[in-house]
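Take a look at the structure below.
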Amino acid sequence: MDTTRLTQKSAFEWWLEASPPMRVPGILYANEALLREMDDKVLEQMANVASLPGIVQAVYAMPDAHWGYGFPIGGVAAFREDDGVVSAGGVGFDISCGVRTMHTGLTVEDIEPIKEDLAQGLFRHVPAGVGSIGKIHLEPAEMDAMLQGGAEWAVKQGYGRPEDLERIEEHGRMEGARPELISLQAKRRQADEMGTLGSGNHYLEVQQVTEVFDTRVAEAFGVAVGDVLVSIHSGSRGLGHQVATDYSRQMVEAAHKYGLELADLELACAPIQSEEGQAYLGAMRAAINCALANRQILTHLAREAFAYLLPRADLRLIYDVSHNTAKLEEHLIEGKPQRLYVHRKGATRAFGPGHPALPEAFRAVGQPVLIGGTMGTASYILVGTPEGEARSLSSSCHGAGRAMSRHQALKQWRGKELVRELGQRGIIVRSPSPRGVAEEAPGAYKDVTAVVDAAHAAGLSRKVARLEPLICIKG
DNA sequence: ATGTAC
């Protein structure tokens, strides 16, 4: 990226000043090295988003930002409820993709002796890969119940425990879902895909806590050095993808109908208060429930695999947070509370201390912000800050962020070699697809530590713990 | 991300 187009406000804050047709500035949080790695298309896409009607304050880019479909991944934009727009491209193709992390009640010493067996057990028990299917088949009525009920539905079906629900955004069930506005094609694609990881950067990891940066917050989250955790990164699978496809197409027409100028067709949108805008929101909320139910079932499968080898294990959910959503939230804009639809695409909600939506257990310290690494690299747990509200509408990064295309990665790495190299470093990777492993090579991503350090330094969220992988089941 | 080009 050409940083001369930006005004540097501090070591970690850079502005793309608002010039017509932009209505608000673009604010990027990153260090100079991360910015230089970013494509200029990120700025172009930020300027396009900043030009949409009803946008407030600024369009934001997190330190892991890279260019995406219409709207940068690692982007945040909020629109007024009355005269703003909603965009399917602003949420992305994997609606409600997110991370959940569980404690296992075990330490590294418990895992080491049976690590190979555990990897094999998890790999056999948790479906992974493109088009992977599970043991659950949803008939139409059950599909609608799932889309309406989310993780709450999953728990009622016997996947997990009622106490899991308090540790999930929206208590595991997104209100306002409209399953009837999801196409039959989307439902058909999902019928056999519940409880599957999917592909790409999705995974299930067994991790050890190697460093704690903030003891007080770590205690509130229940993690300490040497603890073994399980993290799941997955989303709404074929259904979310189809919803995004269906509504992106529909929004091109809606934008035309309502006289919205589109700098890029991929940024198709509709007024929030229009029939089309409301239809997308209802369908998107149903897709959020699909992702929440999916991660809940995956949790159940992980528990079963652990119970078989380690009966002492007790997988307790720490938190589940999505990073591809558009949600109605109240934020302070110029000192006044306003109801806004906040698009976070590859950006994690990061509510600070005292937010009423947070579970009692950590309301005093702030929301856990779960940052996934890439195979063989660290993951982080951060916490939302009070200052994050004004800086980024309480949002932070979501992961390392790609630095290289999948195509480029395939030319540079071989999946089998990567698995062997990681194995030598004590990280067991199991994947149905060597090609998928090559596409997701750690070297194809930015340095997650640099990303997290930038989010920390910019005050978007603060570091709590560093996690290193032991086992990675890769989609 | 994705029945990785209906």
Side-chain angles (χ1 to χ4, degrees), chain A residues 45 64-75 87-100 127-134 137-138 143 182-204 232-250 266 283-284 286-288 290-292 294-295 298 321-326 343-348 372 374-375 397-411 413 415 431-441 444-445 473-475:
Chain A
Q45 293 190 322
D64 51 339
H66 54 110
W67 67 277
Y69 183 88
F71 199 107
I73 296 165
S87 167
V91 173
F93 275 83
D94 191 2
I95 296 169
S96 199
C97 179
V99 181
R100 68 161 57 188
V130 179
S132 50
I133 59 171
H137 177 85
L138 295 186
M143 173 69 69
I182 302 245
S183 66
L184 289 176
Q185 195 183 3
K187 291 176 181 175
R188 198 162 52 233
R189 284 180 67 171
Q190 195 60 28
D192 297 314
E193 289 194 344
M194 295 310 294
T196 64
L197 274 177
S199 61
N201 61 2
H202 289 172
Y203 59 77
L204 181 152
I232 293 170
H233 180 205
S234 187
S236 52
R237 307 286 286 105
L239 182 133
H241 188 275
Q242 192 61 44
V243 168
T245 305
D246 292 342
Y247 281 91
S248 294
R249 206 171 289 158
Q250 207 180 102
E266 292 184 354
M284 181 207 60
I288 288 177
C290 177
L292 297 181
N294 188 37
R295 289 197 289 273
L298 287 164
V321 61
S322 301
H323 45 235
N324 284 355
T325 58
H343 295 67
R344 293 192 184 87
K345 180 183 186 181
T348 310
T374 56
M375 270 179 316
C397 55
H398 84 305
R402 284 203 88 90
M404 186 187 291
S405 72
R406 292 197 161 94
H407 184 72
Q408 268 178 293
L410 274 181
K411 286 196 287 189
W413 287 283
S431 170
S433 163
R435 177 198 163 114
V437 169
E439 287 179 349
E440 295 299 318
Y445 280 82
I473 309 303
K474 189 77 187 159

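In what follows, every heavy atom counts, from backbone to side chain, and hydrogens, waters and symmetry copies are set aside. Quantities reported herein were computed from a predicted structural model and do not represent experimental measurements. Letters A, B, ... are given to chains in the order of the sequence lines, protein chains preceding strands, and every chain is numbered from 1.
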### For A/His398, all residues meeting ring-ring contact (aromatic ring centres under 6.0 Å, His included), sequence neighbours excluded
A/His323
#### Entry: Between P of B/dA5 and NE2 of A/His407, the distance in whole Å
12 Å
### Task
Sequence neighbours left out, what pairs pass salt bridge (charged side-chain N to carboxylate O under 4.0 Å, His left out) with at least one residue falling in residues 234-245 of chain A?
A/Glu193-A/Arg237
### Message
Does B/dT4 have its OP1 or OP2 closer than 4.0 Å to a side-chain nitrogen or oxygen of A/Arg406?
### Response
no
### Query
Could you give the CD-to-C1' distance, from A/Gln242 to B/dC6, as a whole number of Å?
10 Å
#### Entry: For atom CD of A/Glu193 and atom P of B/dT4, their distance in whole Å
11 Å
### Task
Using atom CZ of A/Arg435 as one end and atom P of B/dT2 as the other, report the distance to the nearest whole Å.
14 Å
### Task
Please work out if A/Glu440 contacts a base, only the sugar-phosphate, or nothing of the nucleic acid, heavy-atom cut-off 4.0 Å.
sugar-phosphate
### Sequence-distant partners of A/Gln45, side-chain contact (heavy atoms from CB on, under 4.5 Å), two or more places apart
A/Trp67, A/Pro72
### Task
Select base, sugar-phosphate, or nothing to describe what A/Gly200 touches, counting heavy atoms under 4.0 Å on all strands.
sugar-phosphate
### Message
Give me each pair satisfying salt bridge (charged side-chain N to carboxylate O under 4.0 Å, His left out) with a member in residues 64-73 of chain A, each pair once, sequence neighbours excluded.
### Response
none
### Task
Please work out which residues in residues 89-98 of chain A have a non-hydrogen atom less than 4.0 Å from an atom of DNA chain B and list them by number.
A/Phe93, A/Asp94
### Message
What is the distance, to the nearest angstrom, from the CZ atom on A/Arg249 to the C1' atom on B/dT2?
### Response
13 Å
#### Entry: Partners passing salt bridge (Lys or Arg N to Asp or Glu O under 4.0 Å) against A/Arg435 (at least two apart in sequence or in another chain)
A/Glu439
### Query
Tell me: NE2 of A/His241 to P of B/dT4, nearest whole Å?
9 Å
### Task
Fit a plane to each ring of A/His233 and A/His202, take the angle between them on a 0 to 90° scale, and name the class: parallel (under 30°), tilted (30 to 60°) or perpendicular (over 60°).
perpendicular
#### Entry: Between B/dT2 (P) and A/Ile73 (CD1): distance, integer Å
13 Å
